Structure formats: structure tokens, C-alpha cells
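Scroll down for the structure; my scribbles are underneath it.
Just so it is clear, the model here is predicted, and its values are computed rather than measured. Heavy atoms only: backbone and side chains are in, while hydrogens, waters and symmetry mates are out.
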Amino acid sequence: MQNKIALEEHFATEESLGDSALFAPEADWPELRSRLLDIHEKRLREMDKHGIELMLLSLNAPAVQAIMDPADASDTARRANDFLAEQIARRPTRFQGLAAIAMQNPDGAAQEARRCVLELGFRGVLVNGFSDTADSAKPLYYDAPAFRLFWAELERLDVPFYLHPRNPRPQDAGIYEGHPWLLGPTWAFGQETAVHALRLMGTGLFDEHPRLQIILGHMGEGLPYSLWRIDNRNKWMSRQNQYQAKRKIADYFRENFHITTSGNFRTQTLIDAMLEIGADRILFSADWPFENIDHAADWFDNASISEGDRQKIGYGNARKLFKLDSNTKLNSRQRSGDSNQYGRNDHDRCCDRRS
Ligand code: MN
């Protein structure tokens, strides 16, 4: 399938690169390292080969979220975003951006989101789970009241927030002690991110900001499979879930969330997600460079779903969510002074195809 759009696709700067070393065996690090630092070479060849028209790029994890000093975190985010904007300007029809945001400083986070969307033309933000602070007792989860101004700003900007995984802090990861294989993508990423998403829903964030859209990777971090149980525990008992939010968790999940196929290339799982939240809220992604583009694309292109759903999930939903519906719009949000042309070259040819 041509024209796919992929949106959980990462790069690293020299500064953030080290954060990914732990996620590859030593033997594979040279390959992962070169994939993370590359944008316009192997990445683009893989995109061309496997029918990916556009990638929305984001910084690797945990990067900004793991920097304890808020000023340092903000500076790092800003440098990474400026670097990404330069890369996008070289090929705006092939790459767009999701901003790195230092949530350690909620007001600064809102400002940087605004700068990235309005000045750099980014399509949303991607945050790697909770943020560290100097107070080791207090990781920051974004259901806290301090973040309400940030969420209000994001709703005004009308761009989605990708809640990307990170591992729990060692002091919160007792259950994984002696079982390090369960950390990272195997299990801990999904558990950590799903609980964070449930906190956002339960706190009433989406009653206050009903237009907010959160994206979860990895087919929803297990949540679609558990939605019914979350809302229907011990149904005969007099007391049900007690939280501040007004509605059922499933209502928010179906109206304020989108999920991607990143790193979870399984038709059975996709179909469960489609039955729970519908094909309109599922978007193709690979999770390059941690997962292979051919693994994602070969699976998705041949998955037993209807062609209509494949088009929605492959690119239609992303075009709507990120307002990518025409090249004119793609271009109009580029920073003024950057190239107004598409910078077409041999790599840009696939943008003209429609399947
Ligand atoms: Mn990822």
C-alpha cells in the first residue's frame, strides 16, 4: 500500500542518543545508533521501499522527560525542536514533526508547544510519559492541577498529544526486580503508559477540555482489551469506580483517544481495537528505528481488514487528525522564510501517487 503515514517514528540528537543505548544489546547498538541519527538516508530509502509517504518525527525516549532540572529540560527540548524543524524544512512533504516538550515546567511547556505549532509548523507534541524532577519522591503525571493551563493551551492549538512510553523509575519498579526482560516494550512500557492514560481520563481532564486528543502507541497499550472490565467491575455492588470524571472511561477512550499500530503488528489485536473504538481512531505507525519498517508495512499491507479500513488506518485518519489533507496546507504551516516549494527530488516522487 502506498501513501502510508507513520507517526511514532523517532530520531535522536547526539545529546539524546545515549538514552536509547539501554534498549539494544551491545551487538545491535551500532545499527540502532546509526538509524537514530539518520533522517535523510536509510530512513527515507525504507519509507520509499515500503510505501510510507510521510513520517511525523519525534525525539527518542525518555530524553527531555528524564532531565531533572526544568531549565535544562526546556533548553534540551528547544534545541531538539529547532534541529527537527531544520530537517523538516529539507523535505516537508516527507517529514513533519511532533514537538519534544519539557513538562517539568508546565507554563514553559505550553509556550514551547505554541512556538512549535505556530512558528515551526509542528503537528502536535510527543511526551515520553511522566517527567522527572529534582524531588525524587515526585514524578510528574499530567493529571495534576498544575497542568490544566498546558492542556487548555493544547486544546486551543488544536493539535494532538502523543503519550509515549518510558520505563517506571527504579523505586517504582519493584515488581520487575529480578525480571529485567519485562521492562521496556515487553511489558513495563505498556503498563506505565496505560495507567497514566487512565489517570488523565479519571481526573476529569476531558470534561474540562472535550476537544483534547491523546494518542497512544502499541495498539493502545493494552487498554482496548480491558475497557469493558474497567467500567464494569463487580457490577452488582453498590459502589462503582469513584473518580472525578463525569463519564465512563470507555466514553473518553472513544472520543478523546487515538491509537497507533506502532510495534504491535498483529491482526487479532488490531481487530479487537477496531471493535472497541472503530477504524476511525486507529493509525498506522512502525516505531522506527526500534522496530523495522518492513515488519510494520508487510504486516499492515496484508492484514485481513477491508480496503476502506486499510485506507483510513494507513493514511486517511492521520490526514484528518493532523490536518494534512492537502499539500497546500502541509506547506502553509511551514515557518515563513523556509522553502515554499516542496523541495522535490527523487525521494519525493511517491507523494504524487494515490492508491
Ligand atoms: Mn516509540
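A salt bridge does not link K320 to D280: none of the charged nitrogens lies less than 4.0 Å from a carboxylate oxygen. A salt bridge does not link R79 with D82: every distance from a Lys NZ or Arg NE/NH1/NH2 to an Asp or Glu carboxylate oxygen is 4.0 Å or more. The residues R319 and E53 are annotated as salt-bridged, a charged nitrogen and a carboxylate oxygen being separated by less than 4.0 angstrom. With respect to K42 and E31, a salt bridge is recorded, a charged nitrogen being found less than 4.0 Å from a carboxylate O. By the 4.0 Å N-to-carboxylate-O rule, R43 lies too far from E46 to be salt-bridged with it. A salt bridge is defined here as a Lys NZ or Arg NE, NH1 or NH2 lying under 4.0 Å from an Asp or Glu carboxylate O, and D132 with R166 meets this definition.
Side-chain atoms of T76 and E15, non-hydrogen and from C-beta on, do get closer than 4.5 Å to each other. With contacts defined as side-chain heavy-atom distances shorter than 4.5 Å, the pair L324/R123 qualifies. By the 4.5 Å heavy-atom criterion applied to side chains, M103 and L140 are not counted as neighbours. The shortest side-chain heavy-atom distance between Q96 and F122 does not fall under the 4.5 Å cut-off. The closest side-chain heavy-atom distance from N3 to Q311 is not below 4.5 Å. Under the 4.5 Å side-chain criterion, counting only non-hydrogen atoms from C-beta, D158 is in contact with R211. Between H164 and S58 the shortest side-chain heavy-atom distance does not fall below 4.5 Å. You'll find the side chain of R78 reaches within 4.5 Å of the side chain of R115, heavy atoms only.
Atom NE2 of H258 is separated from atom CG of N317 by 6.5 Å, given to the nearest 0.5 angstrom. Going from atom CD1 of I5 over to atom CG of L321 covers 10.0 Å, rounded to the nearest 0.5 Å. Once rounded to the nearest 0.5 Å, the distance linking NE2 of H40 with CZ of R45 reads 13.0 Å.
Judged purely by atom type and a 3.5 angstrom limit, H196 uses its side chain to pair as donor or acceptor with the backbone of Y142. Looking only at distances, a side-chain donor or acceptor of S16 sits under 3.5 Å from a matching main-chain atom of T13. A donor-acceptor pair under 3.5 Å is absent between the side-chain atoms of D143 and the main chain of M201, judged by distance alone. In terms of modelled atom types and a separation under 3.5 Å, the side chain of D231 and the main chain of K248 share no donor-acceptor contact. Under a 3.5 Å cut-off, the side chain of N105 and the backbone N or O of G108 do form a donor-acceptor pair. At distances below 3.5 Å, not a single donor-acceptor pair connects side-chain atoms of R156 with backbone N or O atoms of R114. With hydrogens and angles disregarded, a donor-acceptor distance shorter than 3.5 Å links the side chain of S285 to the backbone of E8. Within the 3.5 Å criterion, the main-chain N or O of G184 finds a donor-acceptor partner in the side chain of N167. At distances below 3.5 Å, at least one donor-acceptor pair connects side-chain atoms of N232 with backbone N or O atoms of W228. A distance-only check finds a donor-acceptor pair linking the side chain of R281 to the backbone of F257 [under 3.5 Å].
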Let me see the working for F83 and I39 under side chain to side chain contact (heavy atoms under 4.5 Å, CB included), right down to the final yes or no.
-> CA-CA 11 Å; F83 170 80; I39 291 180; 4.2 Å; yes
Would you please test N81 and E112 for side chain to side chain donor-acceptor pair (under 3.5 Å) and show each step?
-> CA-CA 9 Å; N81 292 329; E112 182 63 359; 2.8 Å; yes
Using the side chain to side chain contact (heavy atoms under 4.5 Å, CB included) rule, take Q87 and F11 through it: C-alpha gap first, then chi angles, then the decisive distance, then the call.
-> CA-CA 11 Å; Q87 304 310 310; F11 71 95; over 6 Å; no
Assess whether side chain to side chain contact (heavy atoms under 4.5 Å, CB included) is satisfied between L157 and L118, documenting all intermediate values.
-> CA-CA 8 Å; L157 290 169; L118 299 180; 3.9 Å; yes
Hey, mind stepping through E208 and W151 against side chain to side chain contact (heavy atoms under 4.5 Å, CB included) and telling me if it holds?
-> CA-CA 9 Å; E208 208 173 307; W151 291 118; over 6 Å; no
Full working for salt bridge (Lys or Arg N to Asp or Glu O under 4.0 Å) between R169 and D172 = CA-CA 5 Å; R169 304 177 312 156; D172 300 326; 2.8 Å; yes
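Among T260, D287, T261, T269, the one residue that satisfies the side chain to side chain contact (heavy atoms under 4.5 Å, CB included) test with H218 is D287. The one candidate from V127, L212, I215 that meets the side chain to side chain contact (heavy atoms under 4.5 Å, CB included) condition with F161 is V127.
Contact between A113 and L154 at its shortest, heavy atoms only, is CB-CD1, 4.2 Å. Here the shortest heavy-atom pairing between P210 and N256 reads O-ND2, 2.9 Å. Nearest heavy-atom pair, A188 versus Y176, reported as atom, atom and distance to 0.1 Å: CA-OH, 3.4 Å. Closest heavy-atom contact between F95 and L57: CD2-CD1, 3.7 Å. Here the shortest heavy-atom pairing between A197 and L223 reads CB-CD1, 4.0 Å. Of all the heavy atoms in I88 and G97, the pair that sits closest is CD1-N, 3.3 Å.
Cluster membership check: F189 does not share its hydrophobic cluster with I259, using side-chain heavy-atom separations under 4.5 Å among Ile, Leu, Val, Met, Phe, Trp and Tyr. Hydrophobic cluster membership differs between W187 and L198, with clusters built from Ile, Leu, Val, Met, Phe, Trp and Tyr side chains linked at under 4.5 angstrom. Follow the hydrophobic side-chain contacts under 4.5 Å out from M219 and you never reach V195; the two are in separate clusters. Note on F290 and L216: separate hydrophobic clusters, where clusters join Ile, Leu, Val, Met, Phe, Trp and Tyr whose side-chain heavy atoms are under 4.5 Å apart, directly or indirectly. Taking hydrophobic clusters as Ile, Leu, Val, Met, Phe, Trp and Tyr residues chained together by side-chain heavy-atom distances below 4.5 Å, F265 shares a cluster with I305.
For Y225, the OH atom sits in a loose shell: 12 or fewer heavy atoms of surrounding residues, nucleotides or ligands are nearer than 6.0 Å. Heavy atoms of other residues, nucleotides or ligands lying less than 6.0 angstrom from CD1 of I175 number 12 at most. At most 12 heavy atoms of other shown residues, nucleotides or ligands fall within 6.0 angstrom of atom CD in E177. Within 6.0 Å of the CZ atom in R266, the count of heavy atoms belonging to other residues, nucleotides or ligands does not exceed 12. For NZ of K246, the number of neighbouring non-hydrogen atoms (other residues, nucleotides, ligands) closer than 6.0 Å is 12 at most. Within 6.0 Å of the CD atom in Q268, the count of heavy atoms belonging to other residues, nucleotides or ligands exceeds 12.
By the 6.0 Å and 45° rule, R247 stacks over the aromatic ring of Y252.
One side chain, N292 or R35, offers a donor N or O that lies under 3.5 Å from an acceptor on the other.
Take F130 and apply the ring pair (Phe, Tyr, Trp, His ring centres under 6.0 Å) test, not counting sequence neighbours, and it matches Y141.
When ring centroids are compared, F206 and F253 stay outside the 6.0 Å threshold.
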Under 3.5 Å, which donor-acceptor pairs link side chains of residues 62-72 to any protein atom two or more places apart or in another chain?
unit_1 : atom_1 : unit_2 : atom_2 : d
Q65    : OE1    : N128   : N      : 3.1
Q65    : NE2    : I101   : O      : 2.7
D69    : OD2    : D72    : N      : 3.0

